[in-house]
Amino acid sequence: MADDLGYGDLGCFGNDTIRTPNIDQLAREGVRLTQHIAAASLCTPSRAAFLTGRYPIRSGMASRTVPRVIIRTGASGGLPTNETTFAKLLQQQGYITGLIGKWHLGVNCESHDDYCHHPLNHGFDYFYGMPFTLVNECQPDKNPEISVNLRATHWFYTQMVALLAFTLLLGKLTGFFTVKWKSIIVILLCGILYFITWFAIYGFSRYWDCIMLRDHTITEQPINLEHAASRITKEAVSFIKRNKQRSFLLFVSFLHVHTPCYTTKKFQGKSKHGLYGDNVEEMDWMVGKILAAIDEESLRSSTFTYFASDHGGFLEARTEEAQLGGWNGIYKGGKGMGGWEGGIRVPGIVRWPGMVPANTVLDEPISLMDIYPTVAHLAGASVPQDRIIDGKNQIALLQGTEQHSEHKYLFHYCGSYLHAVRWYQKESGAVWKAHYVTPKFEPLGAGGCYEAGLCPCFGKGVTHHNPPLLFDLSRDPSEATPLSPTSEPLFKMVLSHMEWAVEEHWKTLTIVPEQLDGYNVMWKPWLQPCCGTFPLCWCDEESSNDSIII
């Protein structure tokens with residue numbers, strides 16, 4: 001699974017300037033999924049849906065507020081312990097299971113070592129990687145990314161306190177007005193304490209959030225980005241080699257191509273698209289090394305391989321010099337947008353030699369949630385019967401024995417707000433899509449929310465449509481021209497049917513604890529993983545392995 005990779009960033013999906021030979025070869029040897037849909041347009045909820053086969057709103061992994069993802073390792077929110085991942089299903093079937101790379105679904109609940117949300121508590125036997133995600137704070141020379149507006153507010157208040165203290169001091173020294181020294185000192189000390197408190201919360205983010213774990217043990221705090229790509233690759237290859245004699249599930253969750261797009265020197269300046277293109281090409285190299293290990297161990301014909309991105313490219317990720325986000329091809333919108341195709345349509349590839357046809361294209365609605373019942377079926381496991389599983393077993397479709405996807409409706413959420421609905425009318429081939437809410441692009445006429453940095457789900461930054469915007473993606477995949485009662489005779493019938501589908505869907509939802517509310521995403525010192533004595537968290541247990549990096 002790539003992170004933030006756009007639909008149009010791979011050669012096999014139409015890109016003719018970024019070189020991705022290994023992923024392109026994977027596509028030639030398997031099935032390319034061209035209507036491959038994420039359940040959310042941001043990392044945390046999308047990955048929760050991927051692992052559980054359920055819309056994130058069912059597990060409490062959809063937010064009603066901002067932010068919409070886990071933003072600190074010392075937060076209490078995360079994938080609930082009562083959710084059953086496909087890793088746990090396969091673990092129960094005797095598979096050895098491993099996760100290498102990014103997690104971003106929480107760590108602890110009540111103490112710094114309860115590991116309630118940790119991968120090892122969700123069906124993985126082995127974990128090596130980041131419990132959080134790459135952010136600008138992980139690279140010393142980058143501008144802050146976490147809670148930028150909140151930091152600005154704290155800095156403003158600090159300046160106001162400093163100005164008040166200076167004014168009182170000046171008035172005292174000039175005799176302009178009378179004030180006690182004690183009052184000045186108290187105000188000054190309160191201001192200093194306030195500054196130290198909020199700066200500590202955010203100023204040490206590189207040490208507290210950018211860490212690497214092996215199982216429960218911190219191996220790097222902070223992460224050494226220079227070696228991250230090669231270490232993740234080495235760990236993935238090692239997992240394959242040591243488990244080649246038994247059934248295994250390996251989930252390689254790349255840190256690429258999330259900002260800050262850190263790329264090792266070997267790949268810097270190699271692409272035609274600056275740092276972002278370099279980062280994509282480095283990820284392709286990693287894919288090649290992993291696939292080569294499968295071949296070297298003679299596992300190609302017995303290995304089901306699946307490649308995907310968690311959501312669309314990040315359009316607003318840019319500096320004055322370069323674009324740092326992906327390209328979503330002909331599709332409108334991108335990361336953070338709940339309904340537009342660019343945020344949720346992602347590249348997908350399945351390879352299984354001899355079992356799925358090679359060099360084929362499948363243009364049927366397939367969700368990232370479908371991997372859950374599909375791999376459960378392949379492993380002989382039963383999906384849980386005590387909850388709704390939204391994913392569909394698509395193995396027959398992949399093998400060509402079925403012609404149409406089992407999905408009739410797909411619901412597109414932005415946080416916990418329903419923004420759009422898709423209806424696949426199999427008989428006619430139409431793929432209707434109704435947008436109830438869309439973000440307001442800024443500046444006017446742009447294709448993203450460049451002034452805000454990420455499009456919102458609610459409030460003044462969105463437009464509610466009545467009647468909804470209606471498209472037929474089979475005729476207008478780029479969602480360029482909304483249909484109307486004049487241009488589409490079925491307009492009223494389609495919208496009426498989709499309103500019924502939404503009502504039926506809402507009847508299946510139950511109230512669950514929200515994992516991404518204000519309290520659960522807030523940093524809590526007592527939950528902070530720390531190698532050393534808090535708050536001076538620092539260690540490097542990996543340097544001794546540098547000589548064997550791939």
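Quick caveat: nothing in here was measured; it's all calculated off a predicted structure. Along the sequence shown, residues carry numbers from 1.
The shortest side-chain heavy-atom distance between H112 and L527 does not fall under the 4.5 Å cut-off. I366 is not listed as a side-chain neighbour of I37, based on a closest heavy-atom distance of 4.5 Å or more. Side chains of E220 and P222 form no contact here, defined as non-hydrogen atoms less than 4.5 Å apart. No side-chain heavy atom of H104 sits under 4.5 Å from any side-chain heavy atom of M130. Using a 4.5 Å heavy-atom cutoff, the side chains of S253 and L99 are in contact. Here the side chains of F534 and P525 are in contact, with some heavy-atom distance below 4.5 Å. Side-chain contact between R422 and F411: absent, with no pair of heavy atoms (C-beta onward) separated by less than 4.5 Å. Within the 4.5 Å cutoff, the side chain of P80 has heavy atoms near those of the Q515 side chain.
There is a side-chain donor-acceptor pair under 3.5 Å between S405 and Q394. A donor-acceptor pair shorter than 3.5 Å cannot be found between the side chains of E83 and H122. Counting only N and O atoms by type, the side chains of T217 and D215 include no donor and acceptor under 3.5 Å apart. Using a 3.5 Å distance cut-off with no hydrogens or angles, the side chains of T508 and R58 do pair a donor with an acceptor. Inspection of the E504 and Y409 side chains reveals no N or O donor paired with an N or O acceptor under 3.5 Å. A donor atom on one side chain and an acceptor atom on the other are not found under 3.5 Å apart for Y128 and R231. For E226 and Y262, the side-chain atoms include at least one donor-acceptor pair closer than 3.5 Å. For the 3.5 Å distance criterion, the side chains of R345 and Y7 fail to qualify, holding no donor opposite an acceptor. With no hydrogens or angles considered, a side-chain donor-acceptor pair links D125 and Q91 at under 3.5 Å. When only modelled atom types and interatomic distance are considered, K102 and T133 share a side-chain donor-acceptor pair under 3.5 Å. Side-chain contact, D4 with H311: a donor N or O sits under 3.5 Å from an acceptor N or O. Between the side chains of T73 and Q528, a donor-acceptor pair is found at a separation under 3.5 Å. The closest side-chain donor-acceptor pair between S46 and D310, if any, does not fall under 3.5 angstrom. Under 3.5 Å, the side chains of T264 and E282 contain a donor-acceptor pair of N or O atoms.
Between T52 and I389, the closest heavy-atom pair is O-CD1, 3.9 Å. When all heavy atoms are compared, the tightest approach of L454 to K335 is CD1-O, 3.6 Å. Residues V69 and P45 come closest through the heavy atom pair CG1-CD, 4.1 Å. Considering all non-hydrogen atoms of both residues, L516 and M61 come closest at CD1-O, 3.4 Å. In terms of heavy-atom proximity, K244 sits nearest to L299 at O-CD2, 3.9 Å. When all heavy atoms of L79 and A48 are compared, the pair lying nearest together is CD1-CB, 4.0 Å.
Between E406 and K426 there is no salt bridge, since none of the side-chain N atoms of the basic residue sits less than 4.0 Å from a carboxylate O of the acidic one. Ionic pairing of K270 and E281 is not present here: no N-O contact between side-chain nitrogen and carboxylate oxygen is shorter than 4.0 angstrom.
Atom CD1 of I23 is separated from atom CZ of R28 by 12.0 Å, given to the nearest 0.5 angstrom. Atoms CD and CG, on Q268 and N279 in that order, are 10.0 Å from each other to the nearest 0.5 Å. Atom CG of L368 and atom CG of L33 lie 9.5 Å apart (nearest 0.5 Å).
The environment of NZ in K241 is crowded: more than 12 heavy-atom neighbours from other residues, nucleotides or ligands sit within 6.0 Å. A 6.0 Å sphere centred on NE2 of H505 holds more than 12 heavy atoms belonging to other residues, nucleotides or ligands. Taking a 6.0 Å sphere around CZ of R387, one finds it holds more than 12 heavy atoms contributed by other residues, nucleotides or ligands.
The residue from H36, K392, H407 that alone fulfils the side chain to side chain donor-acceptor pair (under 3.5 Å) condition with D370 is H407.
A donor-acceptor pair is defined here as one N or O able to donate and one able to accept, closer than 3.5 Å; such a pair exists between the side chain of D9 and the backbone of G6.
Aromatic rings from W285 and F267 are positioned such that their centres are separated by under 6.0 Å. Taking the six-membered ring for Trp and the full ring otherwise, F50 and Y372 have centroids separated by 6.0 Å or more.
Contacts classified as disulfide (SG to SG under 2.5 Å) and involving residues 73-119 (residues at least two apart or in different chains) are given here: C109-C116.
With Y306 as the aromatic partner, R351 does not meet the cation-pi criteria of under 6.0 angstrom to the ring centre and within 45 degrees of the ring axis. Both the sub-6.0 Å distance and the 45° axial angle are satisfied by K524 relative to the ring of Y519.
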Given F254 and F307, is the ring pair (Phe, Tyr, Trp, His ring centres under 6.0 Å) satisfied, shown in steps? CA-CA 11 Å; F254 296 112; F307 177 90; 7.1 Å; no

Check the pair C414, C457 against disulfide bond (SG atoms under 2.5 Å apart), reporting the backbone distance first and the verdict last. CA-CA 5 Å; C414 186; C457 296; 2.0 Å; yes

H419 vs Y413, test: ring pair (Phe, Tyr, Trp, His ring centres under 6.0 Å). Steps then yes/no. CA-CA 5 Å; H419 274 205; Y413 283 88; 9.0 Å; no

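A search for disulfide (SG to SG under 2.5 Å) contacts involving C12 returns nothing, not counting sequence neighbours.
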